[in-house]
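Each chain gets a letter, A, B and so on, in the order the sequences are listed, and its residues count up from 1. Atoms considered below: every heavy atom in the structure, side chains included; atoms not considered: hydrogens, waters and symmetry mates.
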Amino acid sequence: GAVVSQHPSRVICKSGTSVKIECRSLDFQATTMFWYRQFPKKSLMLMATSNEGSKATYEQGVEKDKFLINHASLTLSTLTVTSAHPEDSSFYICSARWDGADTQYFGPGTRLTVL
Amino acid sequence: GDSVTQMEGPVTLSEEAFLTINCTYTATGYPSLFWYVQYPGEGLQLLLKATKADDKGSNKGFEATYRKETTSFHLEKGSVQVSDSAVYFCALSDRGGSNYKLTFGKGTLLTVNP
(Lines give C-alpha, C1' and ligand atoms only; values in the text may rest on other atoms or scores of the structure.)
Protein backbone atom coordinates (compact mmCIF):
# COMPACT_ATOMS: atom_id res chain seq x y z
CA GLY A 1 0.00 0.00 0.00
CA ALA A 2 0.83 3.73 -0.11
CA VAL A 3 2.26 3.80 -3.63
CA VAL A 4 3.18 7.04 -5.34
CA SER A 5 4.09 7.17 -9.02
CA GLN A 6 5.75 9.85 -11.10
CA HIS A 7 5.76 10.39 -14.82
CA PRO A 8 7.96 10.71 -16.71
CA SER A 9 10.94 9.11 -15.02
CA ARG A 10 13.33 10.95 -17.31
CA VAL A 11 12.88 13.94 -19.59
CA ILE A 12 15.25 15.88 -21.78
CA CYS A 13 14.14 19.20 -23.17
CA LYS A 14 15.52 22.23 -24.92
CA SER A 15 16.17 25.48 -23.11
CA GLY A 16 13.10 27.73 -23.15
CA THR A 17 10.51 24.97 -23.30
CA SER A 18 8.14 23.91 -20.52
CA VAL A 19 8.01 20.50 -18.94
CA LYS A 20 5.20 18.93 -16.91
CA ILE A 21 5.81 16.25 -14.29
CA GLU A 22 2.92 14.24 -12.84
CA CYS A 23 2.70 12.77 -9.37
CA ARG A 24 -0.05 10.27 -8.56
CA SER A 25 -1.08 8.49 -5.40
CA LEU A 26 -2.24 5.08 -6.63
CA ASP A 27 -3.97 3.58 -3.62
CA PHE A 28 -4.85 6.42 -1.28
CA GLN A 29 -6.28 9.91 -1.35
CA ALA A 30 -3.49 12.43 -0.99
CA THR A 31 -4.76 15.49 0.80
CA THR A 32 -1.26 16.95 0.76
CA MET A 33 1.48 16.56 -1.81
CA PHE A 34 5.01 17.88 -1.63
CA TRP A 35 7.55 18.65 -4.33
CA TYR A 36 11.28 18.36 -3.68
CA ARG A 37 14.39 18.99 -5.65
CA GLN A 38 17.56 17.01 -5.10
CA PHE A 39 21.00 17.99 -6.32
CA PRO A 40 23.70 15.32 -6.79
CA LYS A 41 24.88 13.83 -3.51
CA LYS A 42 22.71 16.24 -1.56
CA SER A 43 19.67 16.05 0.62
CA LEU A 44 16.19 16.98 -0.52
CA MET A 45 15.12 20.60 -0.78
CA LEU A 46 11.42 21.20 -0.27
CA MET A 47 10.07 23.40 -3.05
CA ALA A 48 6.38 23.59 -2.23
CA THR A 49 3.46 22.04 -0.41
CA SER A 50 0.09 21.65 -2.03
CA ASN A 51 -3.28 20.77 -0.58
CA GLU A 52 -6.00 19.48 -2.88
CA GLY A 53 -8.08 22.33 -4.25
CA SER A 54 -5.85 25.06 -2.81
CA LYS A 55 -2.96 27.09 -4.10
CA ALA A 56 0.46 25.69 -3.37
CA THR A 57 2.63 27.15 -0.64
CA TYR A 58 6.14 27.76 -1.89
CA GLU A 59 9.29 27.73 0.19
CA GLN A 60 11.39 30.83 0.39
CA GLY A 61 13.52 31.33 -2.70
CA VAL A 62 11.40 29.15 -5.00
CA GLU A 63 9.93 31.06 -7.93
CA LYS A 64 6.22 30.32 -8.07
CA ASP A 65 5.91 31.62 -11.63
CA LYS A 66 8.64 29.29 -12.80
CA PHE A 67 7.55 26.17 -10.94
CA LEU A 68 3.79 25.91 -11.38
CA ILE A 69 2.09 23.40 -9.11
CA ASN A 70 -1.44 22.16 -9.50
CA HIS A 71 -3.21 19.74 -7.15
CA ALA A 72 -6.56 19.40 -8.88
CA SER A 73 -7.61 16.06 -7.42
CA LEU A 74 -6.92 13.86 -4.42
CA THR A 75 -4.70 11.60 -6.50
CA LEU A 76 -2.85 13.91 -8.85
CA SER A 77 -0.47 16.82 -8.57
CA THR A 78 1.56 18.31 -11.39
CA LEU A 79 4.73 20.38 -11.44
CA THR A 80 5.36 22.43 -14.57
CA VAL A 81 8.81 23.89 -15.06
CA THR A 82 8.22 26.88 -17.32
CA SER A 83 10.84 28.26 -19.69
CA ALA A 84 13.35 25.72 -18.48
CA HIS A 85 17.04 26.52 -18.42
CA PRO A 86 20.08 24.28 -17.87
CA GLU A 87 20.27 25.32 -14.21
CA ASP A 88 16.83 23.74 -13.72
CA SER A 89 18.31 20.34 -14.51
CA SER A 90 17.85 18.24 -11.43
CA PHE A 91 16.11 15.27 -9.83
CA TYR A 92 12.55 16.19 -8.84
CA ILE A 93 10.75 14.02 -6.30
CA CYS A 94 7.17 14.25 -5.09
CA SER A 95 5.64 12.83 -1.95
CA ALA A 96 2.13 12.50 -0.62
CA ARG A 97 0.30 11.95 2.64
CA TRP A 98 -3.32 11.40 3.57
CA ASP A 99 -5.33 13.39 6.01
CA GLY A 100 -4.13 12.94 9.59
CA ALA A 101 -1.04 10.91 8.67
CA ASP A 102 2.44 12.02 9.71
CA THR A 103 4.18 9.88 7.07
CA GLN A 104 5.05 11.00 3.56
CA TYR A 105 5.30 8.43 0.79
CA PHE A 106 7.64 9.26 -2.03
CA GLY A 107 7.52 8.82 -5.77
CA PRO A 108 10.45 7.36 -7.72
CA GLY A 109 11.60 10.75 -8.96
CA THR A 110 11.98 12.46 -12.35
CA ARG A 111 15.35 13.27 -13.84
CA LEU A 112 15.09 16.52 -15.80
CA THR A 113 17.88 17.50 -18.17
CA VAL A 114 17.66 20.86 -19.93
CA LEU A 115 19.95 21.26 -22.92
CA GLY B 1 13.53 25.84 13.95
CA ASP B 2 13.67 22.08 13.67
CA SER B 3 16.86 20.38 12.53
CA VAL B 4 18.33 16.92 12.03
CA THR B 5 22.00 16.04 12.25
CA GLN B 6 23.25 12.70 11.05
CA MET B 7 26.73 11.31 10.84
CA GLU B 8 28.75 12.30 7.81
CA GLY B 9 29.50 9.59 5.34
CA PRO B 10 30.48 7.82 3.42
CA VAL B 11 30.39 4.66 5.48
CA THR B 12 32.04 1.58 4.01
CA LEU B 13 31.54 -1.83 5.59
CA SER B 14 32.15 -5.43 4.78
CA GLU B 15 29.21 -7.80 4.41
CA GLU B 16 27.87 -9.05 7.77
CA ALA B 17 29.37 -6.13 9.68
CA PHE B 18 27.38 -4.19 12.29
CA LEU B 19 25.97 -0.86 11.20
CA THR B 20 25.23 2.25 13.22
CA ILE B 21 24.29 5.58 11.68
CA ASN B 22 23.86 8.28 14.29
CA CYS B 23 21.02 10.79 14.14
CA THR B 24 20.15 13.55 16.57
CA TYR B 25 17.46 16.17 16.30
CA THR B 26 16.20 19.44 17.69
CA ALA B 27 12.50 20.20 17.58
CA THR B 28 10.19 22.73 19.15
CA GLY B 29 7.36 20.23 19.46
CA TYR B 30 7.06 16.47 19.83
CA PRO B 31 7.98 15.11 16.41
CA SER B 32 7.62 11.77 14.70
CA LEU B 33 10.96 10.35 13.56
CA PHE B 34 11.76 8.49 10.37
CA TRP B 35 14.50 6.73 8.48
CA TYR B 36 14.20 6.75 4.71
CA VAL B 37 16.46 4.90 2.26
CA GLN B 38 17.32 5.97 -1.28
CA TYR B 39 18.79 3.52 -3.77
CA PRO B 40 20.72 4.97 -6.74
CA GLY B 41 18.51 6.79 -9.19
CA GLU B 42 15.34 6.22 -7.19
CA GLY B 43 13.06 8.10 -4.83
CA LEU B 44 12.94 7.62 -1.10
CA GLN B 45 11.46 4.59 0.58
CA LEU B 46 10.23 4.62 4.14
CA LEU B 47 12.44 2.26 6.12
CA LEU B 48 11.01 2.70 9.61
CA LYS B 49 9.39 5.22 11.91
CA ALA B 50 8.64 5.93 15.56
CA THR B 51 6.07 8.31 16.93
CA LYS B 52 6.75 8.55 20.65
CA ALA B 53 9.49 8.25 23.21
CA ASP B 54 10.98 4.75 23.67
CA ASP B 55 9.20 3.44 20.57
CA LYS B 56 11.36 1.17 18.45
CA GLY B 57 10.86 1.16 14.71
CA SER B 58 12.07 -1.89 12.82
CA ASN B 59 12.06 -3.23 9.28
CA LYS B 60 14.25 -5.58 7.21
CA GLY B 61 16.64 -6.08 10.11
CA PHE B 62 17.09 -2.36 10.69
CA GLU B 63 15.94 -0.77 13.92
CA ALA B 64 15.98 2.59 15.66
CA THR B 65 14.71 3.72 19.06
CA TYR B 66 13.17 7.12 19.78
CA ARG B 67 15.25 8.51 22.65
CA LYS B 68 13.68 11.72 23.89
CA GLU B 69 16.21 12.24 26.66
CA THR B 70 19.12 12.28 24.23
CA THR B 71 17.07 13.55 21.25
CA SER B 72 18.43 10.71 19.15
CA PHE B 73 17.17 8.11 16.68
CA HIS B 74 20.21 6.05 15.71
CA LEU B 75 19.84 3.46 12.96
CA GLU B 76 21.32 0.00 13.55
CA LYS B 77 21.56 -3.31 11.76
CA GLY B 78 23.32 -6.35 13.08
CA SER B 79 24.57 -7.77 9.79
CA VAL B 80 24.57 -5.70 6.63
CA GLN B 81 24.31 -7.06 3.11
CA VAL B 82 25.60 -5.75 -0.21
CA SER B 83 21.99 -4.94 -1.12
CA ASP B 84 21.85 -2.46 1.79
CA SER B 85 24.18 -0.12 -0.09
CA ALA B 86 22.23 3.13 -0.41
CA VAL B 87 21.84 6.60 1.05
CA TYR B 88 20.03 6.77 4.39
CA PHE B 89 18.15 9.85 5.53
CA CYS B 90 17.00 10.59 9.04
CA ALA B 91 13.98 12.90 9.22
CA LEU B 92 11.45 14.36 11.60
CA SER B 93 7.89 15.43 11.04
CA ASP B 94 6.52 18.52 12.67
CA ARG B 95 3.21 17.28 13.96
CA GLY B 96 2.41 20.71 15.28
CA GLY B 97 2.15 22.09 11.77
CA SER B 98 -0.89 21.39 9.67
CA ASN B 99 0.99 19.76 6.81
CA TYR B 100 3.48 17.57 8.66
CA LYS B 101 6.50 18.89 6.80
CA LEU B 102 9.62 16.75 6.94
CA THR B 103 13.00 18.05 8.04
CA PHE B 104 15.81 15.88 6.66
CA GLY B 105 19.36 15.22 7.66
CA LYS B 106 21.99 15.47 4.95
CA GLY B 107 22.03 11.75 4.25
CA THR B 108 24.65 9.07 4.82
CA LEU B 109 25.99 7.01 1.96
CA LEU B 110 26.51 3.38 2.94
CA THR B 111 28.56 1.06 0.77
CA VAL B 112 28.72 -2.62 1.69
CA ASN B 113 31.45 -4.67 0.06
CA PRO B 114 31.24 -8.44 -0.45
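- Under the 4.5 Å side-chain heavy-atom criterion for ILVMFWY residues, no single connected hydrophobic cluster contains both B/Tyr88 and A/Leu44.
- Residues of residues 4-19 of chain B placed with any heavy atom under 4.5 Å of a heavy atom in chain A are absent; none qualify.
- Neither the backbone nor the side chain of A/Ala2 comes within less than 4.5 Å of any heavy atom of chain B.
- With a 4.5 angstrom heavy-atom cutoff, A/Thr103 touches chain B via backbone and side-chain atoms both.
- Under the 4.5 Å side-chain heavy-atom criterion for grouping Ile, Leu, Val, Met, Phe, Trp and Tyr, A/Val11 is connected to A/Trp35 within one hydrophobic cluster.
- Looking only at heavy-atom pairs under 4.5 Å with chain B, the residue among A/Thr110, A/Thr49, A/Thr31 that has the most is A/Thr49.
- Distance check: A/Phe106 CZ to B/Leu102 CG gives 5.5 Å after rounding to the nearest 0.5 Å.
- Residues A/Tyr36 and A/Met33 fall into different hydrophobic clusters, defined by Ile, Leu, Val, Met, Phe, Trp and Tyr side chains chained together at heavy-atom separations under 4.5 Å.
- Distance CG/A/Leu46 to NZ/B/Lys101: 5.5 Å, rounded to 0.5 Å.
- In this structure, chain B has no heavy atom under 4.5 Å from any part of A/Asp99.
- Within residues 57-94 of chain A, the residues having any heavy atom closer than 4.5 Å to a heavy atom of chain B are A/Glu59, A/Phe91, A/Ile93, listed by residue number.
- Nearest approach of B/Phe89 to A/Lys42, heavy atoms of both residues: CZ-O, 4.2 Å.
- Contacts of A/Gln6 with chain B are absent, with no heavy-atom separation under 4.5 Å from either backbone or side chain.
- With rounding to the nearest 0.5 Å, the separation of CG in A/Asp102 from CG in B/Leu92 is 11.0 Å.
- Contacts with chain A (heavy atom to heavy atom, under 4.5 Å) involve these residues of residues 103-114 of chain B, listed by number: B/Phe104, B/Gly105, B/Lys106.
- Here the CD-OH distance, from A/Gln104 to B/Tyr100, works out to 12.0 Å after rounding to the nearest 0.5 Å.
- For residues 32-66 of chain B, heavy-atom neighbours of chain A at less than 4.5 Å comprise B/Ser32, B/Phe34, B/Tyr36, B/Gln38, B/Gly41, B/Glu42, B/Gly43, B/Leu44, B/Leu46, B/Lys49, B/Thr51, sorted by residue number.
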